[in-house]
Amino acid sequence: MCSNIDFHVAIHPNSVLNIIPSKDVLQKHQLDFGDFIFLENTIVAELNEGITFGWELAKQVIALAEKVYGKDLHVNYISNRMYDYSVVAQDWLKFFNQNRKFRSFCIVTHGWTGTTNIKIERLFYKEGEIKHFTDLKEALAFTGNLPAQ
């Protein structure tokens, strides 16, 4: 069941909503700082241009995710980086200090600028490997969310 989806809003060409059928979207939330698409076992984050994504914003996403998946939150997380924005990399430590982790953490970049941020995030992301993709379909296939063609 989908919630908070406005199908009249233009969708970015690199958005997961152009790949995943709406029937496979559990929920979609449009927050002030980006869109969060909840699939069966995966959260896809599509953050807005120019924002700084830190712990205070992450807590809002965690609260939404707990409503969808429960307190365990053992899901995949795909950061679909369609725009340039900043991540407070050291805030990953706050996430892990709450005994949280992802099944997998994938970052999809659509240009060269995102790769620099990944190097910095890897310094603080201690619970597994950050998987880097340049194609969203590959990240969806890795997490088991690519629909059959």
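This structure is a prediction, so every number in the text was calculated from the model and none was measured.
- A 4.5 Å side-chain heavy-atom check between Val108 and Asn80 finds at least one atom pair inside the cut-off.
- Taking the ring centroids of His29 and Phe38, they lie under the 6.0 Å cut-off.
- Contact detail for Val44 and Leu39: the closest heavy-atom pair is CG2-CD1, 4.1 Å.
- For Tyr77, there are no side chain to side chain donor-acceptor pair (under 3.5 Å) partners two or more places apart in sequence or in a different chain.
- Within the 3.5 Å criterion, the main-chain N or O of Arg81 finds no donor-acceptor partner in the side chain of Ser79.
- When side chains are defined from C-beta on, Glu40 does not count as touching Asp24, because their heavy atoms never get closer than 4.5 Å.
- Within a 6.0 Å sphere centred on NZ of Lys59, heavy atoms belonging to other residues, nucleotides or ligands number more than 12.
- Checked by atom type, the side-chain pair Asn76/Thr143 shows no donor-acceptor distance below 3.5 Å.
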Step-by-step side-chain contact (heavy atoms from CB on, under 4.5 Å) determination, Phe105 to Lys131: CA-CA 6 Å; Phe105 178 32; Lys131 301 283 188 186; over 6 Å; no
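- Leu64 is not listed as a side-chain neighbour of Ile43, based on a closest heavy-atom distance of 4.5 Å or more.
- Within the model, atoms CD1 of Ile51 and CG of Asp32 stand 10.5 Å from one another, a figure rounded to the nearest 0.5 Å.
- Side-chain atoms of Thr134 and His110 form no donor-acceptor pair, as typed in the model, at a separation below 3.5 Å.
- Between Asn41 and Asn145, the side chains place a donor N or O and an acceptor N or O closer than 3.5 Å (distance only, hydrogens not considered).
- Between Ile107 and Glu121 there is a side-chain heavy-atom pair separated by less than 4.5 Å.
- Distance CG/Leu136 to CG/Asn18: 9.5 Å, rounded to 0.5 Å.
- For the residue pair Phe53 and Ala58, the shortest heavy atom distance occurs at CZ-CA, 3.7 Å.
- As a member of the Ile/Leu/Val/Met/Phe/Trp/Tyr network built from side-chain separations under 4.5 Å, Met82 groups with Tyr83.
- To the nearest 0.5 Å, the span separating OG1 on Thr109 from CG on Asn14 amounts to 10.5 Å.
- The side-chain heavy atoms of Phe33 and Thr52, taken from C-beta on, include no pair separated by under 4.5 Å.
- Atom-to-atom distance recorded for Leu47:CG and Leu57:CG is 8.5 Å, nearest 0.5 angstrom.
- In the hydrophobic cluster analysis, where Ile, Leu, Val, Met, Phe, Trp and Tyr join through side-chain heavy atoms closer than 4.5 angstrom, Ile130 is grouped apart from Val88.
- Here the side chains of Cys106 and Phe133 are in contact, with some heavy-atom distance below 4.5 Å.
- Under the side chain to side chain contact (heavy atoms under 4.5 Å, CB included) criterion, Lys94 pairs with Trp55, Asp91, not counting sequence neighbours.
- Side-chain contact between Ile20 and Ile37: absent, with no pair of heavy atoms (C-beta onward) separated by less than 4.5 Å.
- Interatomic distance, OG1 of Thr42 versus CZ of Phe102, reported as 10.5 Å (0.5 Å rounding).
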